[in-house]
Amino acid sequence: MEGDKPWALISEVGGEHGYQEELVDLMKQHFRIVCYRELLQNPPLHAPKIQAMFMWSYHPAAEPSLLRLLPSLKVIANGGVGIDHLDVPFIASLGVKVTNTPGVVGDATADMAMALLLASARTVLQGHQIAVDPKTTHLPQDLMGYEVTGSTLGIIGMGDVGYKIAKRSKGFDMKILYHNRNRRSAEEERAVGASYCQNLDDLLKRSDFVALAVPLTPDTTGLIGHRELCLMKPTATLVNISRGLVVDQDALVKALQSGTIHAAALDVTHPEPLPRDHPLLSLPNVLITPHIGTNTYQTVRRMVQRMVENALAAVNGQPIPNEVKPK
């Protein structure tokens with residue numbers, strides 16, 4: 001019965017920050033869903049009953065004012081792995097659990113990293129623009145790219161996503177270097193043909209492509225700045241599918257303008273979207289996509305299913321599969 005289901009808050013159905021209807025239907029199997037707009041229209045009716053909050057693309061934002069409005073809230077179920085937008089210690093102080101969805105986003109995100117790498121290396125966007133331009137009367141022979149097969153890929157961050165990037169890169173006979181806080185086992189390294197670089201500088205100097213697959217933490221904020229970019233080859237491409245703040249964007253603009261590096265392929269920026277006059281948007285050697293690394297029909301469905309499982313466990317006082325505990 002609908003009246004027996006716990007109440008859950010979501011951003012909206014459809015719209016800029018909302019869920020597709022079929023995803024909301026998954027939630028409705030177990031929860032009485034309240035949209036953020038409905039909550040604001042009648043807080044006394046809705047707020048005391050909400051026990052779970054489903055967060056998608058950072059919405060609804062877990063502002064203290066909102067959280068304090070929800071006295072029965074037991075869990076914030078985040079869609080995605082990254083929780084840098086959540087103040088986990090503060091949320092825990094309110095007696096609210098935080099969950100995420102590890103293990104379900106890796107394949108789609110790794111696919112996106114390879115898509116960006118390949119599209120940038122082989123000038124796919126520029127080629128498309130020429131091919132569809134009404135003014136095109138002949139095909140240019142000087143639109144040259146860089147060979148991916150046999151090149152060297154440096155992966156910074158060898159967690160689930162980074163390791164899956166390495167698996168895909170092996171199929172292109174790439175030489176794989178990686179830098180990670182913890183070294184992978186010898187068996188895991190052999191499986192993908194990866195070599196560990198304890199020194200990040202060494203990886204940057206040797207790589208033709210550098211892929212960023214780290215979580216955003218105080219240690220990784222600004223990890224790639226002017227010094228690091230200057231260590232890269234002038235023919236190298238930076239691929240970022242982690243978070244925009246991992247890269248010093250001002251330094252990146254200068255490196256791309258000056259030829260310090262060849263190109264950048266970014267699924268993430270800071271902010272998102274960038275201001276329309278931001279110099280990254282007008283550089284010919286930059287490829288930017290709008291943070292769509294996990295956006296496949298299969299992955300978003302698995303993410304929502306995992307969010308529901310986590311939220312149900314928290315509401316029912318059961319062990320939570322993917323709880324994120326404060327550090």
Side-chain angles (χ1 to χ4, degrees), residues 106-107 109-126 143-214 220 223-243 246-248 251-252 254-256 258-268 283 285-289 293:
D107 283 323
T109 309
D111 286 350
M112 189 68 194
M114 293 305 297
L116 286 169
L117 188 157
L118 289 162
S120 179
R122 297 307 307 272
T123 62
V124 169
L125 179 60
Q126 297 95 318
L143 187 62
M144 307 297 288
Y146 282 90
E147 195 105 350
V148 172
T149 300
S151 62
T152 299
L153 171 65
I155 302 172
I156 303 175
M158 197 63 139
D160 179 55
V161 173
Y163 195 73
K164 287 179 174 178
I165 293 172
K167 282 184 175 181
R168 287 152 175 75
S169 305
K170 187 180 179 184
F172 286 88
D173 295 325
M174 300 182 86
K175 302 176 184 71
I176 303 166
L177 309 175
Y178 79 96
H179 175 78
N180 200 47
R181 183 175 53 184
N182 300 309
R183 183 170 183 173
R184 287 272 186 167
S185 69
E187 181 181 359
E188 289 171 325
E189 289 181 350
R190 284 194 298 271
V192 294
S195 299
Y196 179 64
C197 289
Q198 185 170 2
N199 189 307
L200 176 60
D201 290 3
D202 184 42
L203 177 147
L204 294 170
K205 292 174 183 177
R206 295 166 58 188
S207 299
D208 299 304
F209 301 91
V210 174
L212 302 175
V214 296
T220 62
L223 179 67
I224 302 299
H226 173 74
R227 190 187 75 84
E228 290 75 23
L229 291 164
C230 287
L231 292 173
M232 293 172 62
K233 297 179 181 180
T235 54
T237 296
L238 181 70
V239 179
N240 189 7
I241 46 86
S242 57
R243 287 291 187 268
V246 172
V247 177
D248 178 338
L252 179 60
K254 292 178 182 177
L256 291 164
S258 65
T260 301
I261 66 171
H262 170 66
L266 315 170
D267 187 45
V268 289
L283 291 176
N285 50 348
V286 177
L287 173 61
I288 301 179
T289 51

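Predicted, not measured: the structure shown is a model, and the values here were computed from it. We use all heavy atoms of the structure for the numbers below, so side chains are in, but hydrogens, waters and symmetry mates are not.
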Quiz prompt | Ser258 (side chain) donor-acceptor with Lys254 (main chain) under 3.5 angstrom | solution = yes
Quiz item: Say you draw a straight line from CG of Asp111 to CG of Leu116; how long is it, rounded to the nearest 0.5 Å?
Solution: 11.0 Å
Quiz item: To the nearest 0.5 Å, what is the distance between OG (Ser151) and CG (Asp208)?
Solution: 5.0 Å
Exercise. Measure up the Tyr196 and His179 rings against each other and bin them: parallel (under 30°), tilted (30 to 60°), perpendicular (over 60°).
Key: parallel
Self-check item: Sidechain-backbone polar pair: Asn240 side chain, Arg243 backbone, donor-acceptor under 3.5 Å
Solution: yes
Quiz prompt | Distance, nearest 0.5 Å, that separates CZ of Arg183 from CD of Gln198 | solution = 8.5 Å
Quiz prompt | Minimum heavy-atom distance Leu256-Ala264, with the two atoms named | solution = CD2-N, 3.7 Å
Exercise. Please say which of Asn285, Thr237, Leu252 ends up in a side-chain contact (heavy atoms from CB on, under 4.5 Å) with Ile261.
Key: Leu252
Quiz prompt | CZ (Arg168) with more than 12 external heavy atoms under 6.0 Å | solution = yes
Quiz item: Under 4.5 Å between any side-chain heavy atoms of Met232 and Thr260, yes or no?
Solution: no
Quiz item: With distance as the sole test, does Lys170 use its side chain to make a donor-acceptor pair with the main-chain N or O of Ile176 at under 3.5 Å?
Solution: no
Quiz item: Hey, is the main chain of Gly150 close enough, under 3.5 Å, to the side chain of Lys175 for a donor-acceptor pair?
Solution: yes
Quiz item: Gly106 and Lys164: which non-hydrogen atoms are nearest, and at how many Å?
Solution: C-CD, 3.8 Å
Exercise. For residues Leu177 and Ser207, report the shortest heavy-atom separation together with the two atoms involved.
Key: CD1-OG, 4.0 Å
Quiz item: Measuring from Thr109:OG1 to Asp160:CG, what's the distance to the nearest 0.5 Å?
Solution: 8.5 Å
Quiz item: Can you check whether Asp248 reaches Glu228 side chain to side chain, under 4.5 Å on heavy atoms?
Solution: no
Quiz item: Can you name the nearest heavy-atom pair linking Ala255 to Leu229, along with the distance?
Solution: CB-CD1, 3.9 Å
Practice problem: State whether the side chain of Arg206 and the backbone N or O of Leu153 hold a donor-acceptor pair below 3.5 Å, judged by distance alone. | Solution: no
Quiz item: Considering all heavy atoms of both residues, which atom of Ala263 and which atom of Ser120 are nearest to each other, and what is their separation?
Solution: CB-OG, 3.8 Å
Quiz item: With a 4.5 Å heavy-atom cut-off, do Phe172 and Leu118 have their side chains touching?
Solution: yes
Quiz prompt | Arg184 NZ/CZ over Tyr163 ring centroid, <6.0 Å and within 45° of normal | solution = yes
Practice problem: With rounding to the nearest 0.5 Å, note down the distance linking CD1 in Ile156 to CG in Leu200. | Solution: 4.5 Å
Self-check item: Nearest atoms (heavy-atom pairs only) where Ile165 meets Ala213
Solution: CD1-CB, 4.3 Å
Exercise. First locate atom CG of Leu212, then atom OG1 of Thr220, and finally report the distance between them rounded to the nearest 0.5 Å.
Key: 9.5 Å
